[in-house]
Amino acid sequence: MRDATRLAEPVPPDPGNGGVLAAWERFVQGDDQVLGVRPLVAISWHRCREQYRVDPHLTEAPVAVTETGHPPEHDVVFTELGFRAATVAHEVGGLGGLVTVTDAAGRILAEWGDQATLARAYESRLVPWFCWSESAAGTNGMGTALQAHGPVPIRGPEHWCRAFHDWSCAGIAVRDVVNAEPIAVMGLCCWRGRLPASAEGWLAHAATMAQYPLRRRARASGAELVAAYARARTRSGAPLAAVDTAGKVVIADEPASVLLGVPASTPAVDPTLRWNPGLPEFIAASRYATGQAAHDPGWVGSTQIVGHPCAEPTSISIRPVFSCGHLIGSLVSFGALDGEPVPRAEAAAHPAKPPRRLVAVSGNRMVLLDPAEVFFAESRGNEVWLRTDQGWLRAAATSLDKLDGELAGAGFLRVHRRYVVNLGRVREIERGRKGELSLVMDRARETLPVSRRNAAAVRHALGV
C-alpha cells in the first residue's frame, strides 16, 4: 500500500489559468475555439454545453433525488475506498483539502478532511447526498472521472461552472472489470490551491486496490460459467456458448465459434481475455438478458441474429446463469427459440449503432473521422491511438475495449490485446515460421501481429 504521508509532498507550481479562463469565457458564449485547454477538458466542456446543457453559472450542485441501486458486491468497493479515504484524511486535512467517495451516479456518499474546507464545501453543496456527475454539475474531478479511465485532475477554470473555479480536484473511477461500467469514484479536492504532485498516483493506487476483489470474483465467475457450459453440453448437442454479463464470450464450441467469429473450445476465464463477438445483435440480446434476469431469475429469452458469414438469421435461446444468487452470465444455445422473445428494439439499443464518426484529438483540435479512414487502433498505456489517413491521432475513447465495443459491426476486429483492425484496410497476411500470423495494412504498410488466441477469428473473418 502506498503510504498516506506520500500525499504531503510539495505542491507543484501553478502554471497560470488566465488562458484557460479566457477560453472558457469564449466557449460559454458559443465559440468552439479552445486553444490552450487540455483535450480531456475541451471534450468535457462540449458534453456539458451540447449534450447535458448544464448552466455554466450554476452556483451549487443539485441534490441526488433518487438513490441509485447497486449489486451487493459493490459494497466491497465502497468499503475499500472508505477505508483508504479514512487513512489519508488527516494528511489531506493538513493540506486544507477533502477526500470524497461517490457512487456511480456521482452522488457523494461520504467525505473527510479539513473542517474549514468542509464548511466552504457546503456553499457549493460539495457534501454527501448531492450529485457531482457531469450532467448535474458540469466538468469536475469526480464527474469527469466517471467518463474516463485513470486519474482526472480538474483545476480552477477548467471546471464548467464558474462558481467552482476556486476549486482544484482530482478523481478516479473504480470500474467493473467485466462490463467496465463505473462503480464508485474516489476524489481529492482543495480550495484556492493545488493538489500535491503525488495525488494522481495515490488515486490510481487506491483504485487498483479496490479492483482486486472484483478481479478475483470475475475470474471465479468465469470458471463457473465454463463449468455450467460443460454440464449443459452433456445434456444437449446444440451449438452452445457461455457469455458474461457484458456479452463477451467465455467459451464456445466449434459450431458456435464459427457463428460468433471467436476461437473454439478455448476457455477465457480472466475477464481481460474474453472475446468480443463483434455482433451487435448478439451483444444486445446478451445485455438485455442480463437486465431481465436481474429482476426475474427464472427469465429465459430467445431471438434471431445474423452471424458470420451466414446471411440467414440464426435462432438463439439465452438462459441466465447464477452462482450463489449472483448473476454471472448466460448460456446461449443456437438453433432453438425457447423462452420469451427479446424485443428487437431493445436489442438495437445495446450497444449503440456503429458510430458515424470517431472522435480523435490533435493538439487543441477535435477531429471527426469516418471509420473507413482508420487503419487500426492501438492501445498505448492509458491512451488509444488511431492510425488514420491523416496520420496518427489520439482517440477520445478511454480504452481499447470501449472502442472495440463502439466499432462492433463496423468491419473492425480485435486481433491482439493491443490492436483493433479495420478488416477493409488489410492488404496482406503473413505467416511466420511457427505459423503465427501478421497483417499488413494497405497504404500505411504497417505490419501488426495477430495473437494466437485471435488467429482463428482472423482467418474466419478474412476467409482464409
Side-chain angles (χ1 to χ4, degrees), residues 241 248-280 282-283 306-311 354-355 358 360 369-395 397 399-464:
K248 289 190 175 182
V249 179
V250 176
I251 188 170
D253 62 17
E254 184 70 39
S257 71
V258 172
L259 290 164
L260 297 175
V262 303
S265 305
T266 306
V269 171
D270 191 302
T272 63
L273 300 177
R274 295 172 190 170
W275 295 285
N276 187 337
L279 300 176
F282 179 84
I283 297 172
V306 177
H308 311 299
C310 305
L358 290 176
L369 297 166
D370 188 301
E373 297 180 73
V374 180
F375 295 98
F376 60 89
E378 178 181 355
S379 175
R380 300 181 187 173
N382 292 326
E383 296 181 340
V384 178
W385 285 80
L386 305 174
R387 181 66 171 92
T388 76
D389 288 327
Q390 301 179 38
W392 285 100
L393 297 171
R394 184 164 65 83
S399 73
L400 196 61
D401 284 341
K402 182 175 182 180
L403 186 66
D404 188 19
E406 292 175 358
L407 292 170
F412 286 72
L413 184 68
R414 185 74 168 262
V415 302
H416 188 275
R417 64 182 178 82
R418 290 183 55 198
Y419 299 104
V420 172
V421 168
N422 183 348
L423 297 175
R425 305 300 296 265
V426 175
R427 173 62 62 86
E428 301 173 8
I429 302 174
E430 295 181 349
R431 184 184 299 274
R433 293 182 178 180
K434 297 182 179 180
E436 67 274 16
L437 299 182
S438 299
L439 304 179
V440 181
M441 310 307 295
D442 72 357
R443 291 180 57 188
R445 305 303 295 177
E446 280 97 338
T447 300
L448 307 181
V450 176
S451 64
R452 183 178 302 175
R453 62 189 297 272
N454 288 311
V458 170
R459 291 192 189 95
H460 182 76
L462 293 175
V464 297

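Ion pairing of Asp401 with Arg274 is absent here, as no side-chain N (NZ or NE/NH1/NH2) approaches a carboxylate O to less than 4.0 Å.
Residue Pro371 comes nearest to Asn422 through the heavy atom pair O-ND2, 3.5 Å, listed as atom of the first residue, atom of the second, then distance. Looking at every heavy atom in both residues, Asp389 comes nearest to Ala372 through OD2-O, 4.5 Å. Residues Pro449 and Val415 come closest through the heavy atom pair O-CG2, 3.9 Å. In this structure, Phe282 and Pro277 approach most closely via the heavy-atom pair CD2-CG, 3.7 Å. Taking both residues in full, the closest heavy atoms of Glu430 and Val440 are given as OE2-CG2, 3.6 Å, listed atom of the first, atom of the second, then distance. Closest non-hydrogen pair, Asp442 versus Gly424, comes out as OD2-O, 4.5 Å.
Looking at Arg452, its side chain never comes within 3.5 Å of a backbone N or O of Ala455 through a donor-acceptor pair.
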**Report entry** side chain to side chain contact (heavy atoms under 4.5 Å, CB included) between Leu386 and Arg394, intermediate numbers included
**Finding:** CA-CA 6 Å; Leu386 305 174; Arg394 184 164 65 83; over 6 Å; no
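Ser451 pairs by the side-chain hydrogen bond (donor to acceptor under 3.5 Å, both in side chains) definition with Asn454, not counting sequence neighbours. Residues passing the ring-ring contact (aromatic ring centres under 6.0 Å, His included) test with Trp385, sequence neighbours excluded: none. For Arg418, the side-chain hydrogen bond (donor to acceptor under 3.5 Å, both in side chains) partners at least two apart in sequence or on another chain are Glu378. Qualifying side-chain hydrogen bond (donor to acceptor under 3.5 Å, both in side chains) partners for Glu428, counting only residues two or more places apart in sequence or in other chains: Arg445. Under the side-chain hydrogen bond (donor to acceptor under 3.5 Å, both in side chains) criterion, Thr266 pairs with no residue at all, not counting sequence neighbours.
Ile283 has its side chain within reach of Asn276: a pair of non-hydrogen atoms, C-beta onward, lies under 4.5 Å apart. Side-chain contact check for Val384 versus Lys402: every heavy-atom pair is 4.5 Å or farther apart. Between Leu448 and His416, every side-chain heavy-atom pair lies at or beyond the 4.5 Å cut-off. The shortest side-chain heavy-atom distance between Arg417 and Thr272 does not fall under the 4.5 Å cut-off. Contact of the Glu446 side chain with the Phe375 side chain is not registered, since no non-hydrogen atoms from C-beta on lie closer than 4.5 Å. For the pair Leu358 and Leu407, the minimum side-chain heavy-atom distance is below 4.5 Å. By the 4.5 Å heavy-atom criterion applied to side chains, Arg387 and Val374 are not counted as neighbours. Using a 4.5 Å cut-off on side-chain heavy atoms (C-beta onward), Leu413 and Leu462 make no contact.
Within the structure, every pair that satisfies the side chain to side chain donor-acceptor pair (under 3.5 Å) test and touches residues 248-265, not counting sequence neighbours, is listed here: Arg233-Asp253.
Once rounded to the nearest 0.5 Å, the distance linking CZ of Phe412 with CG of Leu403 reads 7.5 Å. A distance of 5.5 Å separates CG in Leu369 from CD in Gln390, rounded to the nearest 0.5 Å. Put simply, OG1 on Thr388 and CZ on Phe376 are 10.0 Å apart, with the number rounded to the nearest 0.5 Å.
Crowding of Arg380 atom CZ: a count of heavy atoms from other residues, nucleotides or ligands under 6.0 Å exceeding 12.
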